[in-house]
Student: 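Below are the structure tokens for one structure; questions will follow.
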Amino acid sequence: MSTQHRDAKGRPIVAVTGLGIVTSLGQGKQANWDALTAGKSGIHRIERFPTEGLRTTMGGTVDFLFDDAFTAPELSEKLATLAADEAVAQSRLGQPGDFPGELFMAVPPVEMEWPQKQELAQPIDGPVDYDGLLREAATLKHKPMHEMFLFGTVADHIADRFGTKGSPISLSTACSSGATAIQMGVEAIRRGDTQSALCIGTDGSVHAEALIRFSLLSALSTRNDVPEAAAKPFSKDRDGFVMGEGAGALVLEDYDHALARGATILGIVAGCGERGDGFHRTRSSPDGKPAILAMQDALDDAGVTPDDVDYINAHGTSTPENDKMEAMSCAAVFGERMARLPISSNKSMIGHTLTAAGAVEAVISFMTIANGRIPPTINYTNPDPAIALDVVPNVARDAKVSTVISNSFGFGGQNTSLVLMAGPST
Amino acid sequence: MKRDVVITGIGIVSSLGEGIGIHAQALAAGGPPVVDAAAFAPYPVHPLKALELDLQIPKKSDQRQMEPWQRLGVYAAGVALDDAGLKQDADAKAMLQVIVAAGGGERDHGVDAAILTDLRGANAAGSLLNERLMGDLRPTLFLAQLSNLLAGNIAIVHGVTGASRTFMGEEQAGVDAIRTAHARIAAGQAEVMLVGGAYNAERRDMLLLFELGGYLRKGDFAPVFAREDAPGIITGSAAAFLVIESAERAAARGAKTHARLEHVAATRSRRAPGSVEAALRALIAGFGTAPPEALAISAATGTAGITAEEAAAIATLPQAKRIATGDLVGHTLEAAFPVSIALAAAALSTGQAGEALVTGAGHWRGEGAARLVRA
């Protein structure tokens with residue numbers, strides 16, 4: 001019987017043994033790392049659909065995976081598959097199509113899209129209404145649409161492909177969903193329900209209506225002239241986020257289980273914190289209390305202090321409100337140290353990958369730890385004097401990073417923070 | 001460490017009305033259901049009995065910011081909090097963790113219909129669509145249909161500011177919500193949780209997705225297990241939320257307990273003839289032997305094939321009585337399993353049974369089961 005390793009609270013330690021990522025910067029860890037540390041932007045003019053009449057015409061869309069038209073669930077599934085392929089292959093856990101653990105997936109809410117509704121409407125005589133659409137549906141000529149637009153289908157297909165065990169979870173906590181998927185994997189391993197978990201955040205939902213919905217809430221940047229300079233987290237002239245697409249996948253594993261099979265430990269998910277916010281549907285509490293408590297809970301869960309944190313992977317959306325609230329919350333948690341504690345936003349380069357963001361940014365955080373190099377916040381030419389931060393401006397920086405806190409905040413009062421650490425031996 | 005988990009709050013609303021009493025009565029009598037076969041013909045639905053929303057959602061501005069499924073869920077969550085004696089307990093609500101099983105996607109029917117009509121034959125359909133959506137979509141509609149905003153509204157309206165998670169994925173989301181909440185409390189990862197789901201059946205956009213796959217029953221109501229003439233789902237508007245907590249905490253605060261939630265299990269069979277029956281039997285076998293007086297409550301959908309398989313799995317049990325949730329309130333997708341658990345807890349709470357077994361196979365994927373005993 002080998003030694004049982006336990007964390008400070010007597011629980012199983014949750015190791016990371018596989019990582020995978022796809023963003024607008026490319027497919028795979030190497031392509032993304034090269035671009036992120038070179039300060040490259042993946043944001044560009046949208047070509048996927050006509051943008052006439054829209055206030056925002058750019059995004060960090062992933063355009064290199066399909067030749068023909070596709071729906072959001074199809075792209076989300078493809079992104080998740082590629083990220084999970086990379087993570088599972090790296091972990092060397094299980095056999096192809098037979099992953100021994102459970103699946104936790106952050107997926108965008110799906111619904112029938114306009115091209116499919118138009119297909120149903122086409123044969124209808126006279127004005128279209130939902131009764132007409134229902135009559136056309138009842139012909140059963142469009143049966144594949146049912147499976148395509150079920151909320152559970154993306155995770156169902158991933159579970160089939162990777163052979164994960166148990167009942168797959170499809171979850172949403174809005175823009176913190178990816179972090180919640182990781183948190184649920186951590187909890188399941190700590191409970192001993194499973195010895196490994198495949199945690200994925202995926203989002204391929206940039207289509208006209210999705211973009212318009214955020215646009216109508218005045219959440220998006222409208223700096224369309226120079227798309228790669230539109231995402232300006234923590235800058236004085238930031239004017240909203242840029243929608244992005246991508247997926248991040250992590251293989252989480254009971255540390256002793258990973259050791260016993262001789263796996264390479266890439267890092268530890270040491271702590272998770274989450275708090276709700278009853279202030280407003282889209283705005284955070286002005287005092288930042290839920291974000292502060294989420295970070296403090298995550299640190300406490302990890303058994304570390306604010307002084308142990310080397311770097312903050314910011315939510316950093318580039319909206320006026322988020323970045324101000326996040327800076328203030330970080331100052332409350334980290335005190336005077338905040339003036340010199342590096343904090344950077346991956347979203348300056350890949351945009352806001354929404355449902356996927358928490359997972360994508362966790363993968364980047366583990367690459368930051370492994371490489372001893374912090375990706376910059378690009379487009380930082382006009383600092384906001386109200387937010388005095390070391391945002392690792394414009395150029396990547398070499399630094400020893402052992403402990404990262406990664407923040408994710410979302411509509412509906414969702415606040416999740418993860419404490420991500422180097423493995424014990426490094 | 002495995003701790004006992006108890007149900008201390010039940011909030012249930014449906015076509016029958018509101019509360020434990022009316023649903024316990026219907027359980028005892030086996031119906032009759034309230035069915036409207038005309039309004040959405042040829043699809044029968046179980047329409048919600050009108051709620052006095054002000055009782056649980058006092059601000060009109062909050063009511064206006066939600067679509068019906070959110071109002072229904074927020075209302076039921078409030079009833080559950082009241083029943084558990086937590087509504088006025090600010091400290092408890094600040095720590096209360098929430099799991100919601102949700103769909104979403106309620107559309108503006110008029111806007112969709114008008115745009116679809118104009119798009120047919122349009123030369124530049126893409127830019128026309130942009131123009132119309134920019135002009136015709138209400139900005140707040142997005143939030144009123146977003147899946148995680150039911151949880152968000154529970155936070156805003158009831159002041160529940162512990163963290164929330166929203167599970168999606170049709171029926172199985174409801175199973176996994178209850179399963180996860182139970183597991184976290186049993187393992188000491190949480191003390192008290194609010195868990196449930198809501199479904200609004202009275203919308204053509206909601207019917208559309210299921211009719212695309214041919215899953216809806218047409219014509220008149222027939223009992224879930226007797227629909228061989230025209231198999232399919234009859235949806236109902238309903239919501240159920242439960243406050244569940246560790247037995248220790250419930251005892252310490254002197255809370256009344258409706259039932260003990262002993263086991264919850266879920267799986268996903270690769271669907272093939274017989275797979276649902278085998279999956280459900282395996283889940284139930286994992287609970288140990290049920291005593292002869294167990295009440296069986298099924299969240300079966302009425303879908304061809306798998307409904308008979310679920311009946312066959314239940315038939316192997318020494319059950320005293322079998323009730324289909326769909327025969328009382330209709331099928332409620334994400335809410336179906338939480339509603340069924342609420343019915344089981346109500347039956348135990350009112351002394352109708354000493355033990356209850358709940359089963360449910362999703363119309364497309366996922367199987368779940370739970371066992372409740374008298375507290």
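Numbers restart at 1 for each chain; the letters A, B, ... are given by sequence-line order, proteins then strands.
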Student: Over all heavy atoms of both residues, which pair between B:Trp364 and A:Asp156 is shortest? Give the atoms and the distance, please.
Tutor: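 Of all heavy-atom pairs spanning B:Trp364 and A:Asp156, the closest is NE1-OD2, 4.4 Å.
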
Student: For A:Val128, is there any backbone N or O sitting under 3.5 Å from a side-chain donor or acceptor partner on B:Thr117?
Tutor: yes

Student: Which heavy atom in B:Ala125 sits nearest to a heavy atom in A:Gln118, and how many Å separate them?
Tutor: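 Residues B:Ala125 and A:Gln118, closest heavy atoms: CB-NE2, 4.4 Å.
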
Student: When you check the gap from the basic side-chain N to the acidic O, do A:Glu119 and B:Arg120 get nearer than 4.0 Å?
Tutor: no

Student: To the nearest 0.5 Å, tell me how far A:Met184 CE sits from B:Thr180 OG1.
Tutor: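 Answer for the CE-OG1 pair, A:Met184 versus B:Thr180, is 4.0 Å.
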
Student: Given a strict heavy-atom distance threshold of 4.5 Å, which part of B:Arg365 is in contact with chain A: side chain, backbone, both, or neither?
Tutor: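 Contact with chain A: side chain only.
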
Student: Checking the side chain of A:Glu187 only, and the main-chain atoms of B:Arg184 only, is there a donor and an acceptor separated by less than 3.5 Å?
Tutor: no

Student: If you draw a 6.0 Å radius around NZ in A:Lys141, do more than 12 non-hydrogen atoms from other residues or ligands fall strictly inside?
Tutor: no

Student: Which atom pair, heavy atoms only, marks the closest approach of B:Leu209 to A:Met145?
Tutor: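 Answer, listing the atom of B:Leu209 first, then A:Met145: CD1-O, 4.1 Å.
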
Student: Once you round to the nearest 0.5 Å, how far does CG of A:Leu217 lie from OG1 of B:Thr140?
Tutor: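 Separation between the atoms: 8.0 Å.
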
Student: For side chain to side chain contact (heavy atoms under 4.5 Å, CB included), just list the numbers for A:Gln183 and B:Arg165, CA-CA rounded to whole Å, side-chain angles, deciding distance to a tenth of an Å, and then say yes or no.
Tutor: CA-CA 11 Å; A:Gln183 180 175 23; B:Arg165 298 174 192 172; 3.3 Å; yes

Student: Indicate yes or no: at least one non-hydrogen side-chain atom of B:Gln145 is less than 4.5 angstrom from one of A:Glu111.
Tutor: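 A side-chain contact exists here, since the closest heavy-atom pair is under 4.5 Å.
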
Student: Can you tell me which portion of B:Phe40 sits under 4.5 Å from chain A's heavy atoms? Options are side chain, backbone, both or neither.
Tutor: neither

Student: With a 4.5 angstrom heavy-atom cut-off, which part of B:Arg203 approaches chain A: side chain, backbone, both or neither?
Tutor: neither

Student: Enter the distance from B:Leu143:CG to A:His280:NE2 here, rounded to the nearest 0.5 Å.
Tutor: 8.5 Å

Student: With a 4.0 Å cut-off, would you call B:Glu211 and A:Lys143 a salt bridge?
Tutor: no

Student: Show the nearest heavy-atom pair for residues B:Thr161 and A:Gly278, with the distance to one decimal.
Tutor: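 So the minimum-distance heavy-atom pair works out to CG2-N, 3.6 Å.
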
Student: How long is the gap from CZ on A:Arg281 to CD1 on B:Ile156, to the nearest 0.5 Å?
Tutor: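 If I round to the nearest 0.5 Å, the distance is 4.0 Å.
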
Student: Is B:Ala183 close to chain A through its backbone or its side chain, or both, or neither, when contacts mean heavy atoms under 4.5 Å?
Tutor: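 For B:Ala183, heavy atoms of backbone and side chain both lie under 4.5 Å from chain A.
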
Student: Any idea which heavy atoms bring B:Arg268 and A:Gly166 closest together, and the distance?
Tutor: CB-O, 4.0 Å

Student: With a 4.5 Å heavy-atom cut-off (strictly below), which parts of residues 129-137 of chain B touch chain A? List them by number.
Tutor: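 Against chain A, the residues of residues 129-137 of chain B that fall inside the cut-off (heavy atoms, under 4.5 Å) are B:Leu129, B:Asn130, B:Leu133, B:Met134, B:Leu137.
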
Student: Between B:Gln189 and A:Arg190, is there a side-chain donor-acceptor contact under 3.5 Å, judged purely by atom types and distance?
Tutor: no

Student: For A:Tyr130 and B:Asp205, test the side chains for any donor-to-acceptor distance below 3.5 angstrom and give the result as yes or no.
Tutor: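 No.
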
Student: Among B:Arg179, B:Arg107, B:Gln97, B:Gln172, who wins on heavy-atom pairs under 4.5 Å with chain A?
Tutor: B:Arg107

Student: Within this structure, what is the CG-OH distance for the pair A:Asp131 and B:Tyr43, rounded to the nearest 0.5 Å?
Tutor: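 That separation rounds to 8.5 Å.
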
Student: Sort B:Ala173 into side chain, backbone, both or neither according to what part of it lies under 4.5 angstrom from a heavy atom of chain A.
Tutor: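 For B:Ala173, there is no contact with chain A at all, as no heavy atom is under 4.5 Å.
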
Student: For A:Ser167 and B:Asp176, which heavy atoms make the closest approach, and how far apart are they?
Tutor: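 Heavy atoms of A:Ser167 and B:Asp176 come nearest at OG-OD2, 2.8 Å.
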
Student: Can you tell me which portion of B:Ser164 sits under 4.5 Å from chain A's heavy atoms? Options are side chain, backbone, both or neither.
Tutor: both

Student: Nearest 0.5 Å, please: how far is CG in B:Leu116 from CD1 in A:Ile124?
Tutor: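 With rounding to 0.5 Å, CD1 (A:Ile124) is 8.0 Å from CG (B:Leu116).
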
